[in-house]
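Please read the structure below before turning to the comments.
Excluded from the calculations below are hydrogen atoms, water molecules and symmetry mates; all remaining heavy atoms, backbone and side chain alike, are included.
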Amino acid sequence: MTNNPAGLTGPLAHLDNTPPEIVPAIHTFAMRFTSTPRGARLARHLTAVRLDAWGVPYGTDDHDAIVLIVAELTANAVLHGNVPGRDFHLRLHMRAEPGSATVRVEVTDTRGERVPPRPGDARPAVPAGDETGRGLLLVAALAAHWGWHPRPDGPGKTVWAEREVPAGPVGP
């Protein structure tokens, strides 16, 4: 028995006559980081590298926006979701369709007793001179959608954001 009845060859041979232009490309990157500023920096750096490899090049508005979303969500995980001795988890997921792609950023922390963020919380609630407190406002401005859900495997929460990007070449 063969899974290639049409005799296709090459990297799409296993897809049984599905044209490559309608096959969604799915990429995922997931890693656990220490709940420290250094961990947040490393998450931001690895996100930048991964996005470039997936076809969202350095220096583009979409690349910079997604990296900034990661920076804000990981900083919040370090500052507000930190439980001593526990890490935060970053997951990037890119789903490409013809003409567009969606990048989803998920940051999971282990602090469960704090009130989770709500999309309505994305408004400046700090005095004008303060340098902190506007992270969710930036995320809301840069993402098409964002929200949160309880962590399924223990205490904590996952804050997520999605941004649509033009579909280009999607690498490994």
Side-chain angles (χ1 to χ4, degrees), residues 10-12 14-33 39-81 87-109 115-126 132-153 156-172:
L12 298 177
H14 67 285
L15 296 177
D16 299 297
N17 291 329
T18 306
E21 61 273 8
I22 63 169
V23 177
I26 298 176
H27 297 290
T28 300
F29 170 77
M31 191 169 189
R32 189 181 339 227
F33 296 89
R41 241 183 346 266
L42 181 57
R44 186 180 70 238
H45 173 72
L46 291 176
T47 296
V49 171
R50 185 61 55 182
L51 288 172
D52 186 62
W54 289 351
V56 184
Y58 285 104
T60 62
D61 289 343
D62 291 318
H63 184 277
D64 294 346
I66 295 166
V67 171
L68 182 56
I69 289 168
V70 169
E72 293 300 334
L73 295 183
T74 58
N76 282 351
V78 169
L79 293 172
H80 306 295
D87 300 333
F88 72 86
H89 187 263
L90 169 69
R91 181 178 180 267
L92 302 174
H93 179 78
M94 180 179 194
R95 191 174 121 221
E97 307 255 348
S100 69
T102 300
V103 177
R104 182 178 175 103
V105 175
E106 297 178 356
V107 177
T108 303
D109 64 47
V115 177
R118 295 184 315 266
D121 290 342
R123 60 186 174 297
V126 294
T132 62
R134 293 181 182 86
L136 293 179
L137 182 64
L138 289 171
V139 170
L142 297 171
H145 310 282
W146 76 278
W148 74 278
H149 56 82
R151 185 175 166 211
D153 57 350
K157 66 192 163 303
T158 298
V159 182
W160 59 268
E162 293 179 341
R163 180 166 173 108
E164 293 181 19
V165 298
V170 181

Under 3.5 Å donor-acceptor pairs involving side-chain atoms of residues 71-78, not counting sequence neighbours:
from: T74; atom 1: OG1; to: V70; atom 2: O; distance (Å): 2.7
from: T74; atom 1: OG1; to: A71; atom 2: O; distance (Å): 3.3

query = Within a radius of less than 6.0 Å around NE2 of H149, do more than 12 heavy atoms belonging to other residues, nucleotides or ligands occur?
reply = yes

Under 3.5 Å, which donor-acceptor pairs do the side chains of residues 59-69 form with other protein atoms, sequence neighbours left out?
from: T60; atom 1: OG1; to: P57; atom 2: O; distance (Å): 2.8
from: T60; atom 1: OG1; to: H63; atom 2: N; distance (Å): 3.2
from: D62; atom 1: OD1; to: R163; atom 2: NE; distance (Å): 3.0
from: D62; atom 1: OD1; to: R163; atom 2: NH2; distance (Å): 2.9
from: H63; atom 1: NE2; to: A48; atom 2: O; distance (Å): 3.0

inquiry  = What I'd like to find out is whether the side chain of V139 reaches to under 4.5 Å of the side chain of W160, using heavy atoms alone.
reply    = no

task = Look up atom CD1 in I26 and atom CE in M94, then write down how far apart they are to the nearest 0.5 Å.
result = 11.5 Å

Shortest non-hydrogen separation from A101 to A96 and the atoms involved = CB-CA, 3.9 Å

note = Here the gap from R104 atom CZ to E162 atom CD, rounded to the nearest 0.5 Å, amounts to 4.5 Å

Nearest-0.5 Å distance that lies between atom CG in L92 and atom NE2 in H27 = 12.0 Å

note = W146 and A140 have their tightest heavy-atom pair at NE1-CB, 3.5 Å

task = Would you please name every residue forming a ring pair (Phe, Tyr, Trp, His ring centres under 6.0 Å) with F29, sequence neighbours left out?
result = none

key: Distance (rounded to the nearest 0.5 Å) between M31 CE and F88 CZ   = 10.0 Å

inquiry  = Could you measure the distance from the CZ atom of R32 to the OG1 atom of T108? Nearest 0.5 Å is fine.
reply    = 10.5 Å

inquiry  = Rounded to the nearest 0.5 Å, what separates atom CG in D52 from atom OG1 in T47?
reply    = 12.5 Å

task = Could you give me the CA-CA distance, side-chain angles and deciding distance for T28 and H93, then say whether side-chain contact (heavy atoms from CB on, under 4.5 Å) is met?
result = CA-CA 4 Å; T28 300; H93 179 78; 3.0 Å; yes

